[in-house]
2 protein chains.
Amino acid sequence: MSKCNTFECIKGVKVNIPQLLGEYECKIDAKGRMRMPTGLIAQLGEGQAHNFVINRGFEKCLMIYPEVVWDRISSEVNQLNLYNKKNRDFVRYFYRGAQKVALDSADRILVSKRLLEYAGIQNDVILSAYSDRIEMWANDQYEQLIEEEPMDFSDLAEDVLGRVNGNPEA
Amino acid sequence: MSKCNTFECIKGVKVNIPQLLGEYECKIDAKGRMRMPTGLIAQLGEGQAHNFVINRGFEKCLMIYPEVVWDRISSEVNQLNLYNKKNRDFVRYFYRGAQKVALDSADRILVSKRLLEYAGIQNDVILSAYSDRIEMWANDQYEQLIEEEPMDFSDLAEDVLGRVNGNPEA
DNA sequence: GCCAAAGTGGGAAAAAGTGGGCAATTTTTC
DNA sequence: GAAAAATTGCCCACTTTTTCCCACTTTGGC
């Protein structure tokens, strides 16, 4: 069931990079726990379904990265030149609030109140998985998101999708 | 019977790209299941008739892509640099709650309530297949759509295709 | 009309998801 | 530093959803 068919080389070690997909409705219980949907666990596969890093997203949402993915991203960030103020600001902002989480015996993760607050999450969330990561949105925020077409969408679409149909010049 | 006569090269692997056509009337049962019409299954052919990806369309409808088709598109999208906000917006707007679905033993797919709600689908739907994808419309929405269109159809045609055959003045 | 294929509906088992009690641990407070 | 309070994790029981399977109805060709 696992879709980890992409490999990537991190410091000489080959690692499975998952290709995730799906939209899941989840609930946060009174203790701040959220069950990881079985669909996602299955997609992640044996090795990667247990440990995650959760962090504030750039938008008003939380990001959940499989640990492997987080390692890759943070190694990218760590290569920034820290003698540059802009870089330091970014790195600080990037790491603030990030924490490791693991599934408990009932496949739930515990999400800290600070993070929930940041994303404006009460009880109901939508998990939206794409590429190698999972976004966690407050239900109502997500609905809104779906509605609004980003500026320049059709331009970007032409750029990106033009290539799909074998138009290299696009 | 299969109509998969187009081949395309994805990362060195040849893949059949279906050429679909047809309008089908279908029903969604109380459990949210929809039977894939035999006509479509036949067009898709052995390999591709089982796994699909379904998401919200850009209009008020749902889109069903054979998995191969989706993979081809999403592999381009997944290469975007996600530190760029424009790209993130694009990816989100593009995925639109995409999820995998597979036919059950009676050739039905299960469509999530959230997606049905988005498209305003109750019980009766129209599947409209073209190119390599299938649109799923609520019956009444679809009627409305084709009633509205004839008015400016010819204008539209001129807009879209008017200059295809070397009519620079068009 | 009759048969085969297509399409529909629903019961029941299995799996997924939820909530809460309790005990162990950590943090806070005095 | 000890007691109180809050947090965390494990476990169990319950509810809901999904899946699987079977049987029935409808359609269309001959």
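Reckoned from all heavy atoms, side chains included, excluding hydrogens, waters and symmetry mates. Each chain gets a letter, A, B and so on, in the order the sequences are listed, and its residues count up from 1.
Using a cut-off of 4.0 Å between Lys/Arg side-chain N and Asp/Glu carboxylate O, A:Glu59 and B:Arg92 are scored as salt-bridged.
If you check C:dT8, D:dG9, D:dT7 against the side chain of A:Lys113, the one that comes closest is D:dT7. Checked against C:dG17, D:dC10, C:dT8, the side chain of A:Pro37 finds its nearest nucleotide in C:dG17. Here the side chain of A:Arg33 is nearest to one of C:dG11, D:dC10, D:dT8, namely D:dC10. The side chain of B:Arg35 approaches C:dA6 more closely than any other nucleotide in the set C:dA6, C:dA16, C:dG11.
If you measure from atom CD1 of A:Ile28 to atom P of C:dG17, you get 14 Å, rounded to the nearest angstrom. For the pair A:Lys27 NZ and C:dG19 C1', the computed distance is 11 Å after rounding to whole Å. Counting to the nearest Å, the P atom of D:dC20 and the CD1 atom of B:Ile109 are 16 Å from each other. Regarding B:Glu25, its CD atom lies at a distance of 11 Å from the P atom of D:dG28, rounded to whole Å. Atoms CG (A:Asp124) and C1' (C:dT18) sit 13 Å apart, rounded to a whole Å. Regarding B:Leu127, its CG atom lies at a distance of 11 Å from the P atom of C:dG7, rounded to whole Å. Whole-Å rounding puts the B:Leu110 CG to C:dA15 C1' distance at 14 Å. Atom CG in B:Asp107 sits about 15 Å away from atom C1' in D:dT19, given to the nearest Å.
Residue A:Glu23 forms a side-chain hydrogen bond (donor to acceptor under 3.5 Å, both in side chains) with just one option from A:Tyr142, A:Tyr130, A:Trp137, and that option is A:Tyr142.
In terms of modelled atom types and a separation under 3.5 Å, the side chain of A:Asn87 and the main chain of A:Asn81 share a donor-acceptor contact.
Not one side-chain nitrogen or oxygen of B:Lys31 sits closer than 4.0 Å to the OP1 or OP2 atom of C:dT8. In this structure, B:Thr38 does not reach the C:dA5 phosphate: none of its side-chain N or O atoms is under 4.0 Å from OP1 or OP2.
Judged by closest nucleotide on DNA chain D, A:Ala106 is the one of A:Ala106 and B:Asp104 placed further toward the 5' end.
Using the six-membered ring where Trp is involved, A:Phe153 and B:Tyr93 have ring planes that are perpendicular, over 60° apart on the 30 and 60° scheme.
Because its NZ or CZ atom is not both nearer than 6.0 Å to the ring centre of B:Phe58 and within 45° of the ring axis, B:Arg56 does not count as a cation-pi partner of that residue.
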